[in-house]
Amino acid sequence: QVQLVESGGGLVQAGGSLRLSCAASGIIFRINAMGWYRQAPGKQRELVAIIPSLGSTNYADSVKGRFTISRDNAKNTVYLQMNSLKPEDTAVYYCNAAVIRLGDTGANDYWGQGTQVTVSS
């Protein structure tokens, strides 16, 4: 089994910063894309940022220029640096990874448990 464990959420004032981390563990052969999603109360889950194993990152328009996604492949970890936070960034943030387990022929999607980010005005 593969587990994704997130950390780094919390309460911050508007204009502040937070850094989220998500570490994958298990019998992992390779991780393809890793990403962050968020879900605000009463809204659908939406993509925040995604980083492939190779290639360019992609961001939701609402976070471009404020958030930065990065990954450490040696640690199977993805990060989300969030700067200039706004109240509308308040949501539960979930990490996602497309993981190929040892012995598998393809990748499967795995999700973290979610971490709450609350931005006060």
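Note that the numbering runs from 1 along the sequence shown for the chain.
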Practice item. Could you walk me through whether W111 and E6 pass side chain to side chain contact (heavy atoms under 4.5 Å, CB included), step by step? Key: CA-CA 10 Å; W111 292 88; E6 300 140 343; over 6 Å; no
Exercise for review: State which residues pass side chain to side chain donor-acceptor pair (under 3.5 Å) with N73; sequence neighbours excluded, sorted by chain then number.
Suggested key: R71
Point to revise | Sub-4.5 Å side-chain heavy-atom contact between N108 and V99 | key: no
Name each donor-acceptor pair under 3.5 Å that joins a side chain in residues 8-21 to protein atoms two or more places apart or in another chain, with its distance.
{"from": "S17", "atom 1": "OG", "to": "N83", "atom 2": "OD1", "distance (Å)": "2.9"}

Check your understanding: Under 4.5 Å between any side-chain heavy atoms of M82 and Y93, yes or no?
Key -> yes
Revision key, fill the gap. Nearest heavy-atom approach of I51 to S70 is CD1-CA, 3.9 Å
Review point. Do Q81 side-chain atoms and T68 backbone N/O form a donor-acceptor pair below 3.5 Å?
Key: no
**Study point:** Heavy-atom neighbours of Q3 CD exceed 12 at 6.0 Å
**Key:** no
Mind listing the side-chain donor-acceptor pairs of residues 23-36 below 3.5 Å, one per line with the distance, residues two or more places apart or on another chain?
{"from": "R30", "atom 1": "NE", "to": "N32", "atom 2": "OD1", "distance (Å)": "3.2"}
{"from": "W36", "atom 1": "NE1", "to": "Y79", "atom 2": "O", "distance (Å)": "3.4"}

Check your understanding: Which residues pass the side chain to side chain donor-acceptor pair (under 3.5 Å) test with D109, sequence neighbours left out?
Key -> none
Practice item. Determine, using the 4.5 Å side-chain heavy-atom cutoff (strictly less than), whether Y110 and V78 are members of one ILVMFWY cluster. Key: yes
Side-chain donor/acceptor pairs under 3.5 Å, residues 59-67, sequence neighbours excluded:
{"from": "Y59", "atom 1": "OH", "to": "I69", "atom 2": "N", "distance (Å)": "2.9"}
{"from": "D61", "atom 1": "OD1", "to": "K64", "atom 2": "NZ", "distance (Å)": "3.1"}
{"from": "S62", "atom 1": "OG", "to": "R38", "atom 2": "NH2", "distance (Å)": "3.3"}
{"from": "R66", "atom 1": "NH1", "to": "S84", "atom 2": "O", "distance (Å)": "2.9"}
{"from": "R66", "atom 1": "NH1", "to": "D89", "atom 2": "OD2", "distance (Å)": "2.7"}
{"from": "R66", "atom 1": "NH2", "to": "S62", "atom 2": "O", "distance (Å)": "2.8"}
{"from": "R66", "atom 1": "NH2", "to": "D89", "atom 2": "OD1", "distance (Å)": "3.0"}
{"from": "R66", "atom 1": "NH2", "to": "D89", "atom 2": "OD2", "distance (Å)": "3.4"}

Exercise for review: Verify the cluster assignment for V92 and V48: are they in a single hydrophobic cluster under the rule of side-chain heavy atoms below 4.5 Å apart?
Suggested key: no
Review point. Do V117 and V119 have side chains that get closer than 4.5 Å, going by heavy atoms?
Key: yes
Revision key, fill the gap. Taken in chain and number order and not counting sequence neighbours, the residues that satisfy side chain to side chain donor-acceptor pair (under 3.5 Å) with Q116 are T118
Practice item. Return the minimal non-hydrogen interatomic distance between Q113 and L4, and the atom names on each side. Key: OE1-O, 3.4 Å
**Study point:** Closest non-hydrogen atom pair between Q1 and R101, with its separation
**Key:** N-NH1, 4.2 Å
